Peer 1: 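Encoded as structure tokens, here's the structure I'll be asking about.
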Amino acid sequence: MSEDSTAQSLRPRRSNLAVPGSNPKMLEKAKGLPADQIFMDLEDSVAPIAKADARKNIVAALNEGGYQEKVRVVRVNDLTTQWTYQDVTEIVENAGQNLDCIMLPKVQTAAQVQWLDMTLTQIEKTMGFEQGRIGIEAQIENALGLVNVDEIAQASPRVETIIFGPADFMASINMKSLIVGEQPPGYTEGDAYHYILSRILMAARAYDKQAIDGPYLQIKDVDGYRRVAERSAALGFDGKWVLHPGQVEAANEVYSPRQDDYDHAELILDAYSYFTSAEGGARGAVMLGDEMIDEASRKMALVIAGKGRAAGMQRTKTFTPPES
Ligand code: GLV
Ligand code: MG
């Protein structure tokens, strides 16, 4: 892992808005919502007989434009179906220049990511598109995918995010619950998702990818969404899916630093830079108020400051060097 993470230099994805490709009205409406990412779905939110039309809707929506800074993603069907190759070919050949990433669901092995990587390269060559620009978002939705997540994260330089798919994952491991993201009845101590989230996060951080949490299906319960999102945000996740406009603002807020933390991080960076300089005494461990800061503090501060800057936050405090 490099000292300054490339995952942080990718565009923010605090809110990842899911839109069924079979619904042109929702595709249109999504453009105006303040989500960081919009992903147009060809997979589980689209009925098998509607998939061919959904591909056309998505190509038209991408080429129409109007997404401002949003990351534009299409989720194709997984590689155990008959649809994946046509999804990728039709979308990328016809709208590849207006697309940032392909999301591959239910990824189980690195070979599946490599298939997508090579297919994208072939299409880029055929169409004369820039090679390697289109990224891959790998969704981990079953036990085999989680066991192989380290290889999946390294399978291609195109991989930008590792995403947790809780609904499919719960089914895959026979979890005794139907409420996605909430603790299964009977699990009264701890967090039943902690291992899975941490496993994904370690792979993402080890290989400089963004870690994204999946959907919360009780779409009217924004407090519930917030509570579940706080868990993965606290661990270090970068964002979460949103299935409803009402969840967008909650995601943007939960995955941004709090104002106090952002100000504190910027102060640490300024203070540390001053105190380690010749003018500031060339010191390595110094006091900032009541707190001792050193190189590790700078690294932690860089993460919070990076997230705050990416979210467009403004600082409300400035560092003043002490009078000598
Ligand atoms: C999303 O695809 C999920 O299965 O949770
Ligand atoms: Mg799924």
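Just follow the structure's listing: the first ligand is 1, and inside any ligand the first atom is 1. Just the heavy atoms: all of them, side chains too, but no hydrogens, waters or symmetry mates, feed the values below. These numbers come from a predicted model, not from an experiment.
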Peer 1: For the aromatic rings, using the six-membered ring if either is Trp, is the centroid distance between Y216 and W241 under 6.0 Å?
Peer 2: no
Peer 1: Are there any N/O pairs under 3.5 Å between ligand 1 and the protein, and if so, what are their distances?
Peer 2:
residue: ligand 1; atom: 2 (O); partner: R75; partner atom: NH1; Å: 3.1
residue: ligand 1; atom: 2 (O); partner: Q139; partner atom: NE2; Å: 2.9
residue: ligand 1; atom: 2 (O); partner: E141; partner atom: OE1; Å: 3.0
residue: ligand 1; atom: 4 (O); partner: E141; partner atom: OE1; Å: 2.8
residue: ligand 1; atom: 4 (O); partner: D168; partner atom: N; Å: 2.9
residue: ligand 1; atom: 4 (O); partner: D168; partner atom: OD2; Å: 3.0
residue: ligand 1; atom: 5 (O); partner: P166; partner atom: N; Å: 3.1
residue: ligand 1; atom: 5 (O); partner: A167; partner atom: N; Å: 2.7

Peer 1: For residues F164 and F169, establish whether the separation of their ring centroids is below 6.0 Å.
Peer 2: yes
Peer 1: Look at K56 together with D53 and state whether they make a salt bridge at an N to O cut-off of under 4.0 Å.
Peer 2: no
Peer 1: Is a side-chain N or O of K70 found less than 3.5 angstrom from the main chain of L33, in a donor-acceptor match?
Peer 2: yes
Peer 1: Using a 3.5 Å distance criterion without hydrogens, assess whether the side chain of E90 forms a donor-acceptor pair with backbone atoms of Q86.
Peer 2: no
Peer 1: Could you tell me the angle subtended at the Mg ion (ligand 2) by OE1 of E141 and OD2 of D168, rounded to 10°?
Peer 2: 90°
Peer 1: For M26, what residues pass the side chain to side chain contact (heavy atoms under 4.5 Å, CB included) criterion, not counting sequence neighbours?
Peer 2: V19, P20, N23
